[in-house]
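Note sheet for the following structure.
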Amino acid sequence: VQLQAYGGGLVQAGGSLRLSCTVSGRTFSRATLGWFRQAPGKEREFVAAISRNARGTYYADSAKGRFTISRDNDKKTVYLQMASLKSEDTAVYYCAADFSLILTATPGNTPGEYDYWGQGTQVTVSS
């Protein structure tokens, strides 16, 4: 299984950015998907997750109201639309996949609950 994350970059505070992550090697519709981030010197933290049927989306408190996770099963891609970005959003963002859950199961919010990871994409928000 391979996950390829892209879309990161440098953006000013208050700006927007959309991250994408393509998944290959397993049936995409069977994947529960999540986004995590890791800032220098900090542990990897949960940002958002989406269930297999896309009806369940979950966010860290820091992301609620600003970030939106979505998926496109035809394109085998999960997205993270980020708006109103703040300097504290600066981090490497990782996408992750878990193929063990049933269609309606609630996605995990800890790194250990995901088996497959992308390489990460850097997001830098300048103030």
Side-chain angles (χ1 to χ4, degrees):
V1 179
Q2 290 190 331
L3 284 72
Q4 182 72 38
Y6 54 98
L10 175 64
V11 62
Q12 289 188 335
S16 299
L17 209 57
R18 187 177 80 160
L19 305 183
S20 303
C21 175
T22 57
V23 181
S24 60
R26 289 281 294 270
T27 304
F28 183 80
S29 61
R30 294 187 178 275
T32 301
L33 300 157
W35 285 97
F36 290 77
R37 67 187 183 187
Q38 188 166 18
K42 295 188 177 181
E43 294 187 350
R44 192 168 297 190
E45 65 175 8
F46 172 74
V47 176
I50 187 167
S51 63
R52 284 179 54 190
N53 63 5
R55 293 179 182 176
T57 56
Y58 307 87
Y59 298 92
D61 287 343
S62 60
K64 287 178 182 176
R66 300 188 300 125
F67 294 3
T68 303
I69 188 171
S70 61
R71 64 188 293 162
D72 185 330
N73 283 1
D74 290 335
K75 294 183 178 179
K76 301 180 181 180
T77 301
V78 59
Y79 304 98
L80 184 68
Q81 179 69 49
M82 304 185 293
S84 302
L85 284 162
K86 307 174 183 179
S87 58
E88 50 262 46
D89 295 318
T90 295
V92 177
Y93 283 70
Y94 297 90
C95 56
D98 174 11
F99 291 89
S100 68
L101 300 182
I102 64 174
L103 188 64
T104 57
T106 300
N109 61 0
T110 63
E113 296 177 272
Y114 292 82
D115 300 315
Y116 302 97
W117 292 83
Q119 84 288 2
T121 184
Q122 176 71 46
V123 173
T124 302
V125 183
S126 62
S127 56

Determine whether a donor-acceptor pair (N or O, by modelled atom type, separation under 3.5 Å) exists between the side chain of Arg66 and the backbone of Ser84. yes
Approximate separation, where rounding is to 0.5 Å, of Leu19 CG and Gln81 CD: 8.5 Å
Phe46 and Tyr58: aromatic ring centres closer than 6.0 Å? no
Any side-chain heavy atom of Lys76 sitting closer than 4.5 Å to one from Ser24? no
Are any of the side-chain heavy atoms of Thr90 and Gln122 separated by less than 4.5 Å? yes
With a 4.0 Å cut-off on N to O distance, would you call Lys86 and Asp89 a salt bridge? no
Donor-acceptor pair, distance only, cut-off 3.5 Å: does the side chain of Gln38 make one with the backbone of Ala91? no
Would you compute the distance between atom CZ of Arg52 and atom CG of Asp98 and round it to the nearest 0.5 angstrom? 10.0 Å
Contact check, side chains of Tyr114 and Leu33, non-hydrogen atoms, under 4.5 Å: no
To the nearest 0.5 Å, what is the distance between CZ on Arg44 and CH2 on Trp117? 5.0 Å
Tell me whether the guanidinium CZ or amine NZ of Arg71 lies under 6.0 angstrom from the six-membered ring centre of Phe28 and within 45° of its axis. yes
Answer yes or no: is there a donor N or O on one side and an acceptor on the other, between the side chain of Arg37 and the main chain of Val47, under 3.5 Å? no
Take a 6.0 Å sphere around CD of Gln2 and say whether it holds more than 12 heavy atoms from other residues, nucleotides or ligands. no
Find the distance between OG1 (Thr121) and CH2 (Trp35) and round it off to the nearest 0.5 Å. 7.5 Å
